[in-house]
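Here is the naming used below: chain letters follow the sequence lines, and residue numbers restart at 1 for every chain.
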Protein chains: 2
Amino acid sequence: MINETEIVLDKTDLHILRLMQDNARISNADLARELGMAPSGILERVKKLEQKNVIQQYTTRINPNALQQKMLAFIFMKASDGPGSDQTTLELAKIPEVQEVHHIAGDDCYLIKVRTYDSSTLMHLMRNHFSKIPHILNTRTTIVLETVKEQQQLVIPEK
Amino acid sequence: MINETEIVLDKTDLHILRLMQDNARISNADLARELGMAPSGILERVKKLEQKNVIQQYTTRINPNALQQKMLAFIFMKASDGPGSDQTTLELAKIPEVQEVHHIAGDDCYLIKVRTYDSSTLMHLMRNHFSKIPHILNTRTTIVLETVKEQQQLVIPEK
DNA sequence: GCTGAAAGCACCACATA
DNA sequence: TATGTGGTGCTTTCAGC
């Protein structure tokens, strides 16, 4: 595994990342034009960024409402195996409706983000999946009423 | 504005969305091959999905560690203007380090997700930005120690 | 690590069913 | 709404610096 602290990104890399973060479908030729370089040089850099796992995925953000996915919830979980163990988190991460799994500081051990069609689907998920994962002692669910902003764009420095 | 409840997606649309959600840089020709259809027909569908705001963005997921962004926090906020008012949420949404802003049920009014370089950048943000937004009564911050899963992929049905 | 050329393809508008 | 065609321009490899 590559030591991520050793990755050095120059001004050109950061510029590529900024453009691709905003539009993953930008053509290699357009990237080259923006940067004033030859397309082949850009292609090489992009491939290296993918290899180094700086670029993790090209993904399409889909409107959850278009798929009638109206329920979004954050669930805090206290677990008996503590944040050191991976078993519980891996079980949770396997569930496709679970978008995020974090170890957190404080009393609760995990925070997960779950998206489903409606409240009954969420209840079903909790009853049939979460409750079967060992070590989960209790859960505290926060229901989202309305989402004002939701994106994963990072703030990428100029240099 | 289009009434989102009226959007009807057929099997082909859902298949396109599934493929593009996993790889936004898939070529139109490859999409057509997967679906066994002519490329021009696919192109038209993709454009309509963009127009109808089913497809919201093509984005590149970048490894936060590669940019030394090691601090992730969830902040619950109680506000005096209540979840009905937009002023506070819009102020929060404008801050680039704030990735998510949700109205939530229960005692606290907002839940926001913030990503910064380190804890001092986060403190700086809270002191210089959050505290200047009116109506925020108090905040409760949850620090993420480790992220096991983080993605926005939706579960897209077959049909 | 970057450039430029060259072959192969993809894109996309348009005509058509 | 889907297909076929064709010109334009993009992608990607490789030699050379």
Side-chain angles (χ1 to χ4, degrees), chain A residues 1-63 66-68 156-159, chain B residues 2-63 65-68 156-159:
Chain A
M1 171 155 179
I2 299 158
N3 185 350
E4 283 168 354
T5 60
E6 282 177 17
I7 292 176
V8 180
L9 303 174
D10 67 10
K11 208 181 139 183
T12 305
D13 287 326
L14 294 174
H15 199 167
I16 290 172
L17 292 177
R18 236 179 295 126
L19 292 168
M20 297 197 88
Q21 184 174 237
D22 286 343
N23 176 20
R25 279 181 80 77
I26 188 172
S27 74
N28 192 51
D30 279 347
L31 272 178
R33 267 188 289 269
E34 287 273 356
L35 299 180
M37 285 172 63
S40 45
I42 301 296
L43 189 66
E44 203 170 320
R45 275 174 178 268
V46 171
K47 280 187 176 164
K48 276 193 188 138
L49 290 169
E50 292 171 1
Q51 250 177 258
K52 288 191 283 187
N53 197 35
V54 174
I55 289 177
Q56 296 188 304
Q57 192 187 21
Y58 302 109
T59 188
T60 298
R61 226 156 44 82
I62 295 164
N63 191 337
L67 297 171
Q68 282 85 49
I156 301 176
E158 290 280 328
K159 202 186 163 192
Chain B
I2 299 161
N3 185 349
E4 283 168 354
T5 61
E6 283 177 15
I7 293 176
V8 180
L9 303 174
D10 66 9
K11 210 180 135 183
T12 305
D13 287 326
L14 294 173
H15 199 167
I16 291 172
L17 291 177
R18 235 178 297 126
L19 292 168
M20 296 196 89
Q21 184 174 237
D22 286 344
N23 177 19
R25 279 181 80 76
I26 188 173
S27 75
N28 191 52
D30 281 346
L31 271 178
R33 268 187 286 270
E34 287 272 357
L35 299 181
M37 284 173 62
S40 44
I42 301 296
L43 188 68
E44 205 170 317
R45 277 173 178 268
V46 171
K47 280 188 176 165
K48 276 194 188 137
L49 290 170
E50 291 171 2
Q51 251 177 261
K52 289 191 284 187
N53 197 35
V54 174
I55 288 177
Q56 296 187 305
Q57 193 188 21
Y58 302 108
T59 187
T60 299
R61 228 159 38 84
I62 294 165
N63 191 337
N65 292 326
L67 297 171
Q68 282 86 48
I156 301 177
E158 290 280 328
K159 206 191 158 188

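- Within the helix from C/dG1-D/dC17 to C/dA17-D/dT1, the inter-axis angle between the opening and closing five-pair segments is 30°, rounded to 10°.
- A donor-acceptor contact shorter than 3.5 Å links the side chain of B/Gln57 to the backbone of A/Asp22.
- Only B/Ser27, B/Asn28, B/Ala29, listed by number, bring a heavy atom of residues 14-30 of chain B to less than 4.0 angstrom from any atom of DNA chain C.
- Residues A/Ala32 and A/Ala38 come closest through the heavy atom pair CB-C, 4.0 Å.
- Per the geometry, CG belonging to B/Leu31 stands 14 Å off P belonging to D/dT3, to the nearest Å.
- For the pair B/Lys11 NZ and D/dT1 C1', the computed distance is 18 Å after rounding to whole Å.
- Summarising the geometry of B/Pro39 relative to B/Asn28, their closest heavy-atom pair is O-ND2, 3.0 Å, with the distance given to 0.1 Å.
- Using a 4.5 Å cut-off on side-chain heavy atoms (C-beta onward), A/Val46 and A/Glu50 make contact.
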Query raised in the report: Could you walk me through whether A/Leu49 and A/Leu9 pass the side chain to side chain contact (heavy atoms under 4.5 Å, CB included) check?
Result: CA-CA 9 Å; A/Leu49 290 169; A/Leu9 303 174; 3.7 Å; yes
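- Taken residue by residue, residues 35-46 of chain B places heavy atoms nearer than 4.0 Å to DNA chain D at B/Met37, B/Ala38, B/Ser40, B/Gly41, B/Arg45.
- When side chains are defined from C-beta on, A/Glu34 does not count as touching A/Ile42, because their heavy atoms never get closer than 4.5 Å.
- Residue A/Lys47 has no polar side-chain atom (N or O) positioned under 4.0 Å from OP1 or OP2 of D/dT12.
- Looking only at distances, a side-chain donor or acceptor of A/Arg25 sits under 3.5 Å from a matching main-chain atom of B/Ile26.
- Side-chain atoms of B/Leu31 and B/Met20, non-hydrogen and from C-beta on, do get closer than 4.5 Å to each other.
- A side-chain contact (heavy atoms from CB on, under 4.5 Å) with A/Gln21 holds for exactly one of A/Ile16, A/Ile55, A/Ile156; it is A/Ile156.
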Query raised in the report: Does the side chain to side chain contact (heavy atoms under 4.5 Å, CB included) test come out yes or no for A/Leu14 and B/Leu67, once each step is laid out?
Result: CA-CA 9 Å; A/Leu14 294 174; B/Leu67 297 171; 3.6 Å; yes
